[in-house]
Amino acid sequence: MTQLGSTDRPAPFCGLDTWLPLPARITRVDQENFNTRTFHVQIVDDAVRSSYRWLPGQFNMLYAPGIGEAAISISSDCEQGGVLEHTIRVVGSVTRAIDRLGEGGVIGLRGPFGRGWPVDQIDGHDVVMVAGGIGLAPIRPLVYWVLRHRERCHRVILLYGCRTPDDQVYADELKAWESDGVIDALVTVDNAAQDWVGPVGVVTNLLRRVRVNAERTMVMACGPKMLNRAAAWNFLQLHVPASRVFLSLERNMNCGFGRCGHCQYGSKFVCTDGPVFAFSEIADIFASEEA
Amino acid sequence: MSDTTAPLIHKQSFLPKDAMNALVRRLVDEGYTVIGPQVHDGAIMMRPLTTADELAKGVCDEQDGGRYRLTDGDSEMYFDNVVGPDSPKRYFFPPQQKLFTLTIKGERFQVDDTTPKPPKYAFIGIRACELAAIKIQDRVFGIDVDQQTFRCESDQYYRRARQNALFIVVNCTRPAGTCFCVSMETGPEAIDSFDLSLTELREGFIVRTGTEKGVALLGQLPAREATSAELELASMKLRRARDQMGRRLDTRGLKEALDKSMEHPRWDEVADRCLSCANCTMVCPTCFCSTVSDTNDLATGQVTRTRFWESCFTHQFSYTTTGPVRSTIRGRYRHWLCHKLATWWDQFDTSGCVGCGRCITWCPVGIDLTEEATAIREQQTEASDRSGRGFVDEWAE
Ligand SMILES: Cc1cc2nc3c(=O)[nH]c(=O)nc-3n(C[C@H](O)[C@H](O)[C@H](O)COP(=O)(O)OP(=O)(O)OC[C@H]3O[C@@H](n4cnc5c(N)ncnc54)[C@H](O)[C@@H]3O)c2cc1C
Ligand code: SF4
Ligand code: SF4
Ligand code: FES
């Protein structure tokens with residue numbers, strides 16, 4: 001099995017049994033947009049909490065007691081232990097139940113699962129991050145990682161697109177990243193009212209504006225299917241090698257540890273082989289529908 | 001190991017027919033839950049038994065695409081029938097299994113009960129292809145699997161059931177019309193991984209021992225050394241079974257061909273016939289997909305998590321907030337066939353099909369994977385590989 005991403009990913013910590021969620025309390029809830037909130041979650045057990053390690057791009061299975069579980073990316077800084085942030089779009093039974101619990105509520109957690117972004121390969125590269133909508137959630141820990149280790153990469157570009165300015169997640173942070181100049185961050189929206197001063201149009205338009213040194217560029221993208229496609233094809237066309245174009249994919253997930261079969265994508269288990277894949281690993285099936 | 005049992009290893013013995021009763025009794029006495037082929041609801045099922053009388057003696061089966069029928073056979077023969085819709089899989093990986101019960105007490109999840117411990121199973125009359133299927137599932141559930149992947153966390157129930165199980169395999173002397181174990185190199189004769197292997201003759205069984213447990217068990221039965229005539233007869237019957245395979249599948253280069261056939265027109269054609277009923281996945285001895293779901297007891301506040309067999313032919317299997325990943329039958333059938341014969345190799349370094357023929361027999365419209373795979377392999381066109389790479393190269397140029 002090829003191991004193109006982080007090879008030293010932390011093993012999942014799952015308590016007594018891989019299926020058994022650990023209790024965790026919601027310590028704070030931040031409103032991101034009309035249906036998306038960031039839940040700060042603290043594992044109740046002190047020993048477990050202090051030994052819990054993860055890497056950008058990994059996810060947890062969050063459990064709404066008695067209702068069920070959902071795969072949710074960890075969206076906070078992996079070097080800031082103690083509290084784990086999860087930005088959740090409230091769309092269905094589990095996410096609604098977690099939302100209803102709110103601050104002070106107790107949920108369950110299994111993880112961390114999956115292979116995240118290849119931070120171990122970042123050295124000396126230009127990093128281009130592309131995110132759409134809620135897809136910024138798994139990218140955000142990567143931004144934190146890059147900010148902490150800024151000297152290890154050359155240019156760092158973050159392109160983010162969402163429907164309207166009000167749909168942005170982490171709006172304040174985006175503003176700070178845009179103005180700080182530590183990285184080149186750019187936000188575009190599909191539709192905007194008069195007061196929006198940034199670019200308008202799909203994120204794909206921004207892609208074309210990036211000047212790329214294909215020799216040393218690394219792309220990391222997460223968004224809806226069309227965004228992933230556009231990002232991949234744009235940078236492949238600019239001769240960025242397929243082994244340095246990384247996409248985080250979404251699939252139905254039930255177990256998170258390669259047992260239930262739900263997340264299969266061709267021969268891959270997205271939960272363990274991914275969710276982050278180098279394009280070269282999935283090139284054969286990427287253009288096929290329903291793989 | 002005592003002197004009397006030692007010579008029996010690798011040596012073939014003869015066990016008279018009536019010793020079958022003693023064998024089953026012995027196993028029951030040793031605390032085994034004995035599982036063997038029996039007639040249930042008009043089909044051969046692997047079910048618990050306490051006496052040899054419960055075995056499907058004298059029962060034959062007729063199998064073809066979408067067709068299964070039991071017939072009267074030679075009344076002296078215990079195992080003249082072949083595999084039914086059931087397989088030993090259910091005893092290691094139950095169709096419905098409680099994973100745990102817990103009570104939520106504020107910030108504590110109090111675990112009241114975890115997965116029950118499996119009984120000690122003895123399988124009698126399990127076939128070579130079924131042993132092969134178990135070895136495939138071992139890789140899925142993580143016995144001795146690469147530590148690099150998370151799959152190594154063994155399923156405790158599976159591991160316990162598997163490690164304590166005793167296998168008395170029966171070599172098939174009469175394949176069914178849908179069998180193709182010879183093509184998949186899994187049968188009709190079991191080569192290893194059994195405790196005892198039986199080849200049935202009219203008067204008795206040729207027995208081989210595969211483990212110390214098997215040697216000890218045979219030592220307690222009225223076995224004698226087999227005569228060369230008996231051995232010759234047994235190997236003739238096995239040769240004949242090889243020649244009489246109902247189906248064939250040429251597997252050379254098949255994985256590579258399927259990998260290149262994501263857009264083959266045959267997928268559309270088979271999608272017109274497939275009902276997406278999931279029968280094939282429910283009868284398959286290697287399919288491992290599952291879904292867990294929780295139930296709440298409102299009175300006690302207890303939550304029970306149960307794992308069920310799932311099928312890639314359902315919509316919920318691949319459901320995401322933007323709809324199912326595989327919303328067409330074409331996509332689902334393609335996923336199933338490619339998983340069995342191609343991508344399983346990438347995942348577990350083995351085929352996902354053992355050639356048992358169940359999916360052919362139990363398909364209501366008789367879709368035959370050997371036929372579909374052969375058609376796809378034999379009509380390779382450029383269009384069938386319209387998938388990823390070509391398309392992408394165009395963009396990447
Ligand atoms: C690796 C990964 C990371 C994710 N990270 C985030 C994140 O950071 N924030 C966020 O808001 N969402 C994220 N998602 C999507 C999230 O898992 C789904 O939105 C969520 O499962 C919906 O659950 P529900 O019960 O509320 O919805 P329902 O629609 O009620 O779900 C019903 C069933 O469908 C399944 N399901 C529905 N949608 C999805 C989906 N998109 N992916 C997998 N299974 C699904 C659920 O498992 C459930 O069994 C991620 C998904 C994956 C695979
Ligand atoms: S064929 Fe379908 S149900 Fe069977 S193991 Fe593969 S994905 Fe699961
Ligand atoms: S795919 Fe069909 S023939 Fe192959 S092991 Fe499964 S049920 Fe048997
Ligand atoms: S989520 Fe179960 S195998 Fe990937």
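In this text the structure is predicted, and so the values were computed from the model without any measurement.
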Under 3.5 Å: donor-acceptor pair, side chain of B:Q97, backbone of B:P94: no

Residue B:R326 versus chain A: region with a heavy atom under 4.5 Å: both

Interatomic distance, A:R110 atom CZ to A:N60 atom CG [nearest 0.5 angstrom]: 9.5 Å

Interface residues of residues 284-291 of chain B facing chain A - heavy atom cut-off under 4.5 Å: B:F288, B:C289, B:S290, B:T291

Heavy-atom contact with chain A under 4.5 Å, split by part of B:S327: both

Six-ring centre of B:F317, B:R332 cation under 6.0 angstrom, axis tolerance 45°: no

B:K260/A:D284 under salt bridge (charged side-chain N to carboxylate O under 4.0 Å, His left out): CA gap, chis, key distance, verdict: CA-CA 8 Å; B:K260 281 193 305 182; A:D284 287 340; over 6 Å; no

Residue, of B:T322, B:T328, B:T321, that accumulates the most heavy atom pairs under 4.5 Å with chain A: B:T328

For chain B, which residues of residues 87-98 of chain A have heavy atoms nearer than 4.5 angstrom: A:R89, A:V91

Short side-chain donor-acceptor distance under 3.5 Å, B:H339 and B:Q347: yes

Part of A:Y63 within contact of chain B (heavy atom distance under 4.5 Å): side chain

Under 3.5 Å donor-acceptor, A:T272 side chain and A:G258 backbone: no

Per-residue contact mode, A:I107 against chain B (heavy atom under 4.5 angstrom): backbone

side-chain hydrogen bond (donor to acceptor under 3.5 Å, both in side chains) assessment of B:D346 paired with B:T343: CA-CA 5 Å; B:D346 301 309; B:T343 53; 5.6 Å; no

Geometric cation-pi criterion, B:K89 with B:W309: 6.0 Å, 45°: yes

Pairing of A:D45 and B:R108 as salt bridge, 4.0 angstrom limit: no

Basic-acidic side-chain contact under 4.0 Å: B:D138, B:K135: no

CA sep, side-chain torsions, deciding dist, call: B:R377, B:E256, salt bridge (charged side-chain N to carboxylate O under 4.0 Å, His left out): CA-CA 9 Å; B:R377 201 251 297 280; B:E256 293 70 19; over 6 Å; no

Polar contact flag, side-chain donor to acceptor under 3.5 angstrom, A:Y265-A:D273: no

Which portion of A:R251 sits near chain B, non-hydrogen atoms under 4.5 angstrom: both

Contact origin within A:E289 toward chain B - heavy atom pairs under 4.5 Å: backbone

B:F348 backbone acceptor or donor facing B:R139 side chain under 3.5 Å: yes

Test item: side-chain donor near acceptor, B:D112 and B:Q302, under 3.5 Å: yes

B:E310, part contacting chain A, at a heavy-atom distance under 4.5 Å: side chain

Which atoms of A:A291 approach chain B - backbone, side chain, both or neither, heavy atom under 4.5 Å: both

